[in-house]
2 protein chains.
Amino acid sequence: MAAVTLQDVATRAGVSQATASRVLNGSSRIPGEGVADRVRAAARELGYVPNAQAQALARSSTGVLGLIVHDIADPYFSSIVRGVQTAARTACKQVLLASTDRDFDVERASVSTFIAHRADAIVLAGSRQSGHLDRDLEAEFGRYRDNGGRVVVIGQPLAFGAAVEPENQFASSELAEALVAAGHRQFAVIGGPASIRTAVDRRNGFVEALGRCGLTPLVEVSGAFTRDGGFSAAQRLAAALQLQPGLGGPPVCVFAVTDVMAIGAIAAWRELGLTVPRDVCIAGFDDIPTLRDHTPSLSTVALPLEEIGARAVDLALSPDADDLRERIPGRVVLRDSTRLP
Amino acid sequence: MAAVTLQDVATRAGVSQATASRVLNGSSRIPGEGVADRVRAAARELGYVPNAQAQALARSSTGVLGLIVHDIADPYFSSIVRGVQTAARTACKQVLLASTDRDFDVERASVSTFIAHRADAIVLAGSRQSGHLDRDLEAEFGRYRDNGGRVVVIGQPLAFGAAVEPENQFASSELAEALVAAGHRQFAVIGGPASIRTAVDRRNGFVEALGRCGLTPLVEVSGAFTRDGGFSAAQRLAAALQLQPGLGGPPVCVFAVTDVMAIGAIAAWRELGLTVPRDVCIAGFDDIPTLRDHTPSLSTVALPLEEIGARAVDLALSPDADDLRERIPGRVVLRDSTRLP
DNA sequence: CTGAAAGCGCTTACAG
DNA sequence: CTGAAAGCGCTTACAG
């Protein structure tokens, strides 16, 4: 790593290191034209690449954002990451990525490493247990913030830091109302882990809205926040409701708290010979890009995932938005999967 | 960012900075037990987090890997990134991610930034124009490698550096043979950009294998390496072949050079009222996870995407593998989308 | 085993 | 406008 150094450039241009620094790395004090040209020429000839580590040390700011997601291969997260990338590029920030496989130990370790790398901000995407962090993490974030680090959460807010917060509960209730308005009367729910706020909020919004219509879910089951979680939950649901292919009559309408789970559910039912929406209907939440080419087309609550990622970067970068919470509305979209005959 | 410093810890423990460093950051010279304990206690009490930037500067090694992909929201890439993440975590490396939106200027800029950040290695995923880099990039990589940086490419190899290389051509020919063996006789191809090696190799492998069977594609069209690229190519293909719903007779079997394009193609045909595999058959390449729940199930060449990402990390980390090329075989998988009546 | 000191490559007051 | 020098927070020969 014995790369060309700023001193090398300075020497070749016949100026001091300080001057070379000012020419090359945008300072307010702009040296004279002739000098500047010489320095630039020297840098080009030598192939000088500034050492960002050294700059960071000297400036005490790295220009790096830390981003933590549960699973980068999950379309929900990869869409958010795409938004983060776009916004980061615009702001000339780099992004350090960690995909934790939903392991909270890995998550904690990633936070520590990002802090060690002096990321200017850390964005935490994905639900956590009831909005609580372990004590360790909390203490670490506290010190990080004291030292000027910024924390942004996507999903449920923490006790501190900024948050980009989808209106899970409200949007789910709107979804329920839309489904009732469409003629559905029999409902069931595939929920997520009880410890995860996002899952709980969505479930509650849906069930409470049903209640206001005088309706109650026939059954509720739950599973992990994954395709397979939806798959197995749907099997249990089918058993509980004794779903049969071609039974006739109005199908039960199931709400799965994420699209990924809904897709898993449909797969499970297909294995059982059940057809959506004839034998059973289903709606999800998120509107992940995958849905675009999924059959049957899935009713859902659309979230602007890339924009959510971009907003998180904005919050991470504006020092005045320290404890801001930005609410993101969802948009109900009814498609084939909840179509009544 | 005025965080707790190693000197703070040393002072509190009543030792020198050097000793504190040796205790905390794994040195071969292990200080005495009593001293070590005092240092560790001081670090804990103060909440010391080592400054990775300063460590990097002093050690001239950052423990950071740079990863560049075309589009993080594309399941092909997000699967690879997942593999990279897993392997990087095992090796205690951090990953700096750039998603370029297929913009080669952005790609070049990302490489520069990664080099500035002194990434220990840079992994370039995604096809490039015929294996050639622009002159600038090539020169930059040259210096980077001279300074100890490592370069790994996923896809077609460059003139230098290590590569993880799927056997595109061979696997495509195997796919063609399998389809012929399954009874198909009429073929068409949806190719990618002519400048991209991966696209060309897959197309050639397929067409040449057909040739060995005495067959020739009825039509070839091409499009961008995206879902929409496949969509529009499929529209042109349908027009060229005058595809009609329910025409009867053996359907034409189309090979799309990526699954993502194949999915777009199926969507286009669905809009035209065409049913797969009745009116037209199709096979893709990659076996992205999305396929698992796609209807109809798509025939394809399965690539171990996560493993590919992990192998790239391995190559990036083993100094002896400097110009190694690791070949990754594909596995033909025939599913519903090419099923003959 | 432990410490004083140089050095990693930059930035930035402080003088001139 | 330009330069000498201190400082950012660590690591690591080199002595002791």
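A note on names: the letters A, B, ... follow the listed sequences, proteins ahead of strands, and every chain is numbered from 1. Side-chain atoms are counted along with the backbone in the values below, which use heavy atoms only and exclude waters and symmetry mates.
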query = Rounded to the Å, how far apart are Gln53(B) CD and dT11(D) P?
reply = 13 Å
ask   = Asn147(B) has an atom CG; how far is it from atom P of dC8(C), in whole Å?
value = 14 Å
remark   = Paired to dA15(D) by Watson-Crick or G-U wobble criteria (both distances under 3.5 Å) is dT2(C)
task = Quickly work out the Asn51(A) CG to dC8(C) P distance and round it to whole Å.
result = 12 Å
request  = Report the residue (Ala54(B) or Gln17(B)) whose heavy-atom-nearest nucleotide on DNA chain C is the more 5′ of the two.
outcome  = Gln17(B)
ask   = For the side chain of Arg118(A) and the base of dG9(D), is some donor closer than 3.5 Å to an acceptor across the two?
value = no
message = Tell me the closest heavy-atom pair linking Ala312(A) and Ile154(A), and the distance in Å.
response = CB-CD1, 3.7 Å
key: Side-chain donor or acceptor of Arg12(B) paired with backbone N/O of Arg38(B) under 3.5 Å   = no
inquiry  = Just the rounded figure in Å: distance from P of dC10(C) to CG of Asp8(A).
reply    = 8 Å
key: Value in whole Å for how far the P atom of dT11(C) lies from CZ of Arg22(A)   = 11 Å
ask   = Closest to the Thr19(A) side chain: dC10(D), dC10(C), dG3(D)?
value = dG3(D)
message = If the cut-off is 4.0 Å, is Ser21(A) near the phosphate of dT11(C), judged by side-chain N/O to OP1 or OP2?
response = yes
query = Taking all non-hydrogen atoms of both residues, which atom of Val164(A) and which atom of Ile328(A) are closest, and how far apart?
reply = CG1-CG1, 3.6 Å
inquiry  = Counting only side-chain heavy atoms from C-beta out, which of dA4(C), dG9(C), dT12(C) sits nearest to Ser16(B)?
reply    = dA4(C)
task = Can you figure out which of dT12(C), dC10(D), dT2(C) approaches the side chain of Leu6(B) most closely?
result = dC10(D)
ask   = Of all the nucleotides listed (dG9(D), dG7(D), dG3(D)), which has the minimum atom distance to the side chain of Val15(A)?
value = dG3(D)
Whole-Å gap separating C1' (dT11(C)) and CG (Leu57(B)) = 13 Å
task = Might you work through the salt bridge (charged side-chain N to carboxylate O under 4.0 Å, His left out) test for Arg82(A) and Asp71(B), ending with a clear yes or no?
result = CA-CA 8 Å; Arg82(A) 191 180 205 277; Asp71(B) 178 7; 2.8 Å; yes
request  = Return yes if some donor-acceptor pair links the side-chain N/O of Ser99(A) with the main-chain N/O of Ile72(A) below 3.5 Å, else return no.
outcome  = yes
request  = Please tell me which of Ala18(A) and Arg59(B) maps to the more 5' nucleotide of DNA chain C, matching each residue to the nucleotide holding its nearest heavy atom.
outcome  = Arg59(B)
key: Nucleotide nearest Gln55(B) (side chain, heavy atoms from C-beta), chosen from dT2(C), dC10(D), dG3(D)   = dC10(D)
query = Given the C1' atoms of dT12(C) and dG16(C), what is the spacing between them in whole Å?
reply = 16 Å
key: Atom pair distance, as rounded to whole Å: OH in Tyr48(B) and P in dC10(D)   = 4 Å
